[in-house]
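Excluded from the calculations below are hydrogen atoms, water molecules and symmetry mates; all remaining heavy atoms, backbone and side chain alike, are included. Convention: sequence-line order gives letters A, B, ...; per-chain numbering from 1.
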Number of protein chains: 2
Amino acid sequence: MNIHDVAKKSGLSVVTVSRVINNSPSVREANRQKVLKAMEELNYQPNSAAQSLVRGRTGVIGMSITNFNDSFYDRVIRVVNRKLAEQGYFLALSIAENEGEGDNFLFQKDRVDGIILLSPIEEEQYVAELKRKRIPFVLLDNQFSHDDVSSVLVDNYQGGYDATKHLIELGHTRIAYIGGPSVFLSVAERRRGYIQALADAGLSSFAIEYSGFTVSSGYEIARKWIRDDTLPTAIFAGDDFIALGVVQALREEGIMVPHDISVVGFDDQQFVAEFFPRLTTVRQPEAQLGSIGVDLLLKHINGEMAEPTVTKLAPQLLVRESTAYVKRT
Amino acid sequence: MNIHDVAKKSGLSVVTVSRVINNSPSVREANRQKVLKAMEELNYQPNSAAQSLVRGRTGVIGMSITNFNDSFYDRVIRVVNRKLAEQGYFLALSIAENEGEGDNFLFQKDRVDGIILLSPIEEEQYVAELKRKRIPFVLLDNQFSHDDVSSVLVDNYQGGYDATKHLIELGHTRIAYIGGPSVFLSVAERRRGYIQALADAGLSSFAIEYSGFTVSSGYEIARKWIRDDTLPTAIFAGDDFIALGVVQALREEGIMVPHDISVVGFDDQQFVAEFFPRLTTVRQPEAQLGSIGVDLLLKHINGEMAEPTVTKLAPQLLVRESTAYVKRT
DNA sequence: TTGAAAGCGCTAACAA
DNA sequence: TTGTTAGCGCTTTCAA
């Protein structure tokens, strides 16, 4: 079942059939109809391997993800998928487990026209591999800076600054930061924003802790503070899950958020948004992230890109119900 | 940069190069080394479009997913990915948004060798399309039964039965069920198991509610029960998120789980597992689901499958801390 | 507006 | 063990 069968059935040549497939204008309308009819009757679909081979492009963009249980990623994926579809591309996702190089089948020039790396784990290694293979790619939410690579990331410093400033404006002076694993650049950047906002207000850090990006680790840290009687009046958690754990621990002790203690999270996780009090958090602009990433990648692919670009996006503070003016003492 | 370049550089023919690429034994070791060296130096990778074209297969299996924010899916994806890799296949994921037919680029015979549909939304439509295109496929966690289609699903009836029986064995007689959206077969099946377990014990249903698969809807339902003073002593929630919402609502009123009320969930969501009390839940056997699904699909692809098979997997009740003996009154 | 011919990069007979 | 030849299914000159 190939283009020749269609040609035979429609009484025209394969070239004409190909023209119809590719919407070439130079086909007599009557003939176009004949071809369309034959294609329909034969239930014909062009072979995409053959098309890719001769065209030298696949129309597929690959995206490598590490985790399918996170609403930040979910949102980015959806935007990228939609945006690519608008441009006539398809999105193929692959999960990057901690394997060695080369296990990612997308990393072949002829399988995809380009690649998007979302929050890559083994970033350096991936970047090196893609450079060597000369596959166009962009980085989204990456950890390191590279020469000659376009990337889009969120200004985590700004996010940390805004979150902390918000707490300061509410009159808090005893403000603590709980970050995720300290290896992440984003964690360090948010911390830097936190410190700077404090400094700008003539304050200093009350406490800094690092934990996993999980509810339970936030819970544990809050419990420790309670045990040691070293609670701050406001907490900037570098992740919504951590923040939620903190709120839970406090509530168990009858400490009310935001009445007694204010808490700010990060990421606006869909799941966390369902809890009370609704968490004040910093939302990463997933739509922009995905959209700009796609634009950059397609420009690279089309050679419209002279220099690689690094775009830093401003996050958005969403003030909800978990923050309030500091309690008068 | 193609096989001819490698042939030229190594002083051998393209056929020999091809043999090296495909690990054919009939190549003199010295020549194999020459070819390998040339490939290395030229940084050569075979063109997969050309390979697919001539071989008539791609080595890629497609998987269609609806949601990337759920640990059940995450676990299934990981197992499938690993299992396929063992068999020399690659996994390409695509997100199914509620689009019309044909928008899913994976649904082309020459793009993939087979397809796995995980919890498909527009199931009937997808099945019809894949049948028409004669693409081998299997269904995982599907809603409907089809002729001539292999599928693997979890015995939701059994899960509902086991969960309810567990509560009965703890002495509960006033047991309520909260299901997800009633359109889902899984929701109806769990309900059926719940009803049957009650019947087998000479009991009848205390209350049945339907909600979304969300924390907030579980929360709302529990609040309603509290307001109306119609609380059961045990609740079987057809979803961990719902169960978590219930627990939160109860706790806010000082009603302790499991001391006052027992709660069972479903799915063993990773995120929910971090809360206290650790939820008694029904775990779907993701590893089996993925593994058997892959086996079935590969058999279909290799024509080793006479008849389509429907496999029903037993879920596993995980008794943790949210269930206890009914309070003496 | 149409079609004949060449070729994309590879593998699978078949011969040597 | 190696190489020659003929395609896989499609698109793209080029000429008519």
d([atom1], [X]; [atom2], [N]) in whole Å:
X	N	atom1	atom2	result
A:R111	C:dG9	CZ	P	17 Å
A:K109	C:dG9	NZ	C1'	14 Å
A:I3	C:dA4	CD1	P	13 Å
A:D110	C:dG9	CG	P	10 Å
A:H4	C:dG3	NE2	C1'	12 Å
B:E29	D:dT1	CD	P	11 Å
A:M1	D:dG9	CE	C1'	13 Å
A:Q45	D:dG9	CD	P	15 Å

Is the A:F68 to B:F68 ring centre distance short of 6.0 Å?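 Yes, the ring centres sit under 6.0 Å apart.
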Phosphate-side-chain proximity, [X] and [N], N/O vs OP1/OP2 below 4.0 Å:
X	N	value
B:N47	C:dG9	no
A:Q51	D:dT11	yes
B:R55	C:dT11	yes

Between B:Q33 and B:E29, do the side chains contain an N or O donor and an N or O acceptor separated by less than 3.5 Å? yes
With no hydrogens and no angle check, just 3.5 Å: does a side-chain donor-acceptor pair link B:Y126 and B:S64? no
Assign each of B:P46 and B:R19 to its nearest nucleotide of DNA chain C by heavy atoms, then name whichever residue's nucleotide is nearer the 5' end.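 The residue whose closest nucleotide sits nearer the 5' end is B:P46.
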Applying side chain to side chain contact (heavy atoms under 4.5 Å, CB included), can you list everything that pairs with A:S48, at least two apart in sequence or on another chain?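 Listed in chain order: A:Q51, B:Q108, B:D110, B:R111.
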How would you label the contact of A:N22 with the nucleic acid (heavy atoms, under 4.0 Å): base, sugar-phosphate, or nothing? sugar-phosphate
So does A:L298 get a backbone contact from the side chain of A:N302, meaning a donor-acceptor N/O pair under 3.5 Å? yes
Looking at DNA chain C, which of residues 10-18 of chain B put a heavy atom within less than 4.0 Å of it?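 Within this stretch, B:V15, B:S18 sit under 4.0 Å of the strand.
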Once the angle between the rings of B:F105 and A:F90 is folded into 0 to 90°, is it parallel (under 30°), tilted (30 to 60°) or perpendicular (over 60°)?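 B:F105 and A:F90: parallel rings.
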Cationic N near anionic O, under 4.0 Å, A:K37 to A:E41: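 Counted as a salt bridge, because a side-chain N and a carboxylate O are separated by less than 4.0 Å.
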